[in-house]
K.L.:
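Would you mind keeping the following structure in view while I ask a few things?
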Amino acid sequence: MSGHRPADDAALAPHPESVRPIGADPAVLRVGNASGFYGDRFDALREMLTGGPLDVLTGDYLAELTMLILGRDRLKDPARGYARTFLRQLEDGLGLAVERGVRLVANAGGLNPAGLADAVRELADKVGVPVRVAHVEGDDLLARGGWGDGVLTANAYLGGGGIAACLRAGADVVVTGRVTDAALVSGAAQAHFGWRPGDLDQLAGAVVAGHVLECGTQATGGNYAFFGDHDLLRPGFPLAEIAADGSSVITKHPGTGGAVTTGTVTAQLLYETAGARYAGPDVTARLDTVRLAQDGPDRVRIDGVRGEAPPPSLKTGLTRLGGWRNEVTFVLTGLDVTAKAVLVRRQMEAAFAATGNRPAEVRWTLARTDHDDAEVQEEASALLRLVVRDPDQDAVGRVVSGAAVELALASYPGFHVTAPPGKGTPYGVFEAVAVDAAEVPHAAVLPDGTRVGIPPAPATRDLARLPDAPLPEPLPPGPTRRGPLGRVAGARSGDKGGSANVGVWARSERAWRWLAHELTVERFRELLPETAGLPVDRHVLPNLRALNFVVDGLLGEGVAAQARFDPQAKAVGEWLRSRHMDIPEVWE
């Protein structure tokens, strides 16, 4: 268990100028990524270690949903709470890393970084590979209390200072709990270049590079709007060549699949961000200053990034069990789909009324996936989805599944469901709160066991929305053609708690001049009617020829609550691209 930081712990931290660079070349640090989530490609760690030169290899294993999963693991066994996949990857990867002089930095420690560090030491002894292991702690604030009922995890998002201290002390493997995803990269860069807290532009550049790397193959063409442009059979994982001024080149190992282009990097830059100010514990990076340039095949240069002092508080993620949910999907085939949906809804509602135990939340959605005169039965069918939630498991169990099963011979013609209804399952809720950075006991536990306190940023700045940048000159009037927005624009969408972001970028300057004026908040709501009653904020990023829309409340209480068909908003951007607009006929 970690305690509060002693006032003089920071004095024990190695002085940046007293340590040698952690990579072979003092002028450049080569940082790779081998995991974008818990469950990513297992052999990526070996691929990255053997595919080309690296100084540091990072792995991101944590997400909002992952913290809930690890929290439930910890309830079953207090010694658990970390991503065990990382250990299995190290069974042969640890020797490869030591042989090639590559440091490993991963947030796989989850809720128990000290436990994972001990497990790595045990594994190293077992495979006969001596390594120096360190870990970062202090993010776990659950014991602090005051979070309300049912909270399973409470973790502050730490910066890169603890990682830097571990690497400066000679650690070969650094495991952390909840740090910001980008901190895995920026912490390594801090250690290599000896940056100080006031080196805001350099830190911001490394944070941007870290954000590009954090989701693995999304930077090399994975989940890319124009996926037909590249071979995506097996995209390689990305790496960044970071320079002392914070600029970087995003690339990948030679011969690996996918591609690194200004488009793939733009898509990842927009992923799960909001406005021009991208706040973190060490620095607020100004995304409106990012410049991208193709620097050769599979090489994209990032420079010009400006940094500002970070906010005085740290984002802290809370997860808790929200209650119980159940789901039934009725298949409606052929004629009279609407009437069939009305009938089954009336029957289920009557069954709830008869028991006197209607679930607290009942939600129906009808997906008209059916086609007229279909040659394949599935293409003649629509899906009526019933989702129920309640704090009481009994209210979503037999009450729902029994009522649905009993309709099998007593409802609409062709009645069937996609899967037998069950007893109901627990669902989670994610909430983000702000905690004063000075109250978070961020610490690095070095390979020799010394515990070093990491002070918060010495200077801070309250986070405020920047005014929108001036729009480009609009296109002159001309002929248009009705068609999908995706003809001329890419998009990438994702989740942050209950909010969703949809980043949209143009592929040419003329397309940008049209997009910036045509895709207003009002038009966005028209194209995506599910957002019509929700707060929508549009941010303008001219350097990226991009607009970023943040939709508050679209995802309810977060991914674990599974509030909608696409609970992480992964495909909202593709839905937007499929919507039709009046698009100018002539482009550059």
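Values reported hereafter were calculated over all heavy atoms of this structure, with side chains retained and with hydrogens, waters and symmetry mates removed.
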K.L.:
Compute both the distance and the angle, then confirm whether R385 meets the cation-pi test with F565: under 6.0 Å from the six-membered ring centre, within 45 degrees of the axis.
P.N.:
no
K.L.:
Nearest 0.5 Å please: distance from the OG1 atom of T251 over to the CG atom of L239.
P.N.:
5.5 Å
K.L.:
Under 3.5 Å, is there a donor-acceptor pair between the side chain of D495 and the main chain of G497?
P.N.:
no
K.L.:
Cation over ring, R577 on F226, under 6.0 Å and within 45°?
P.N.:
yes
K.L.:
Flag yes if more than 12 heavy atoms outside R538 fall under 6.0 Å of its CZ atom; otherwise flag no.
P.N.:
yes
K.L.:
Do S499 and D552 pair up side chain to side chain, a donor and an acceptor below 3.5 Å, judged on atom types alone?
P.N.:
yes
K.L.:
Go through the steps to decide whether D288 and R291 satisfy the test salt bridge (Lys or Arg N to Asp or Glu O under 4.0 Å), and finish with yes or no.
P.N.:
CA-CA 9 Å; D288 58 333; R291 294 193 304 247; over 6 Å; no
K.L.:
Is the CZ atom of R525 crowded by more than 12 outside heavy atoms at less than 6.0 Å?
P.N.:
yes
K.L.:
Could you check whether D60 and N33, counting side-chain N and O atoms only, form a donor-acceptor pair closer than 3.5 Å?
P.N.:
no
K.L.:
Can a donor-acceptor pair be found between the side chains of E137 and H135 at a distance below 3.5 Å?
P.N.:
yes
K.L.:
Apply side-chain contact (heavy atoms from CB on, under 4.5 Å) to the pair L287 and Y278, showing each step before the final yes or no.
P.N.:
CA-CA 7 Å; L287 298 183; Y278 184 58; 3.8 Å; yes
K.L.:
Going by distance alone, is a donor N or O of one side chain under 3.5 Å from an acceptor N or O of the other, for N501 and S493?
P.N.:
no
K.L.:
Hey, mind stepping through W514 and V488 against side-chain contact (heavy atoms from CB on, under 4.5 Å) and telling me if it holds?
P.N.:
CA-CA 10 Å; W514 171 80; V488 297; 3.8 Å; yes
K.L.:
So that I can tick it off, tell me whether D55 and R30 are bridged by a salt bridge, with the cut-off set at under 4.0 angstrom between side-chain N and carboxylate O.
P.N.:
no
K.L.:
Do you know which of T264, T217, V260 makes side chain to side chain contact (heavy atoms under 4.5 Å, CB included) with P235?
P.N.:
T217
K.L.:
Are D295 and R301 within salt-bridge range, i.e. N to O under 4.0 Å?
P.N.:
yes
K.L.:
Could you tell me how the ring of Y61 sits relative to the ring of F86: parallel (under 30°), tilted (30 to 60°) or perpendicular (over 60°)?
P.N.:
perpendicular
